Amino acid sequence: MGHSCGLSDRVLLSSIFNHPNLEDVKIYYHDRGEGPSDYFQLCQNISRHFHDKHAMRLKILPYKGKMLPDKGEDTNMMSVPLTPHKKS
């Protein structure tokens, strides 16, 4: 389950993205097959929730070309990536 990170959940996402314990945001995106993935659209949607754009640029992890796993693959990486966490 995921979010489009659109404006409909603005209060929730704003409180998550602007929380002082948030260290980074890993964007899981879908490869549509034809044309570009939705990574940049999700990144743009997420950017609307950050109050500090400089912090946003530091916290959103760069595009690496990895997408969501197919059904039946290891779903551990599907855990909610938007919650504040500490790096190990």
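Heavy atoms only: backbone and side chains are in, while hydrogens, waters and symmetry mates are out. If you're wondering where the values come from, they're calculated on a predicted model, not measured in any experiment.
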Requested in this report: Decide yes or no for R10 and H49: does some side-chain heavy atom of the first lie under 4.5 Å from some side-chain heavy atom of the second?
Outcome: yes
Query raised in the report: Can the ring centres of Y29 and F40 be said to be less than 6.0 Å apart?
Result: no
Query raised in the report: How would you list, by chain and number, every residue that makes a side chain to side chain contact (heavy atoms under 4.5 Å, CB included) with N18, sequence neighbours excluded?
Result: S14, F50, H51
Requested in this report: May I ask you to test the I46-I60 pair for a side-chain heavy-atom distance under 4.5 Å?
Outcome: yes
Report summary line: SG of C43 to CG of D38, rounded to nearest 0.5 Å, is 11.5 Å
**Report entry** Nearest non-hydrogen partners of H19 and K59, listed with the distance
**Finding:** O-NZ, 4.0 Å
Query - Partner residues of R48 under the side-chain hydrogen bond (donor to acceptor under 3.5 Å, both in side chains) criterion, sequence neighbours left out - result: N45
Query raised in the report: Within the distance-only criterion (no hydrogens, no angle test), does the side chain of K26 pair as donor or acceptor with the backbone N or O of L61 below 3.5 angstrom?
Result: no
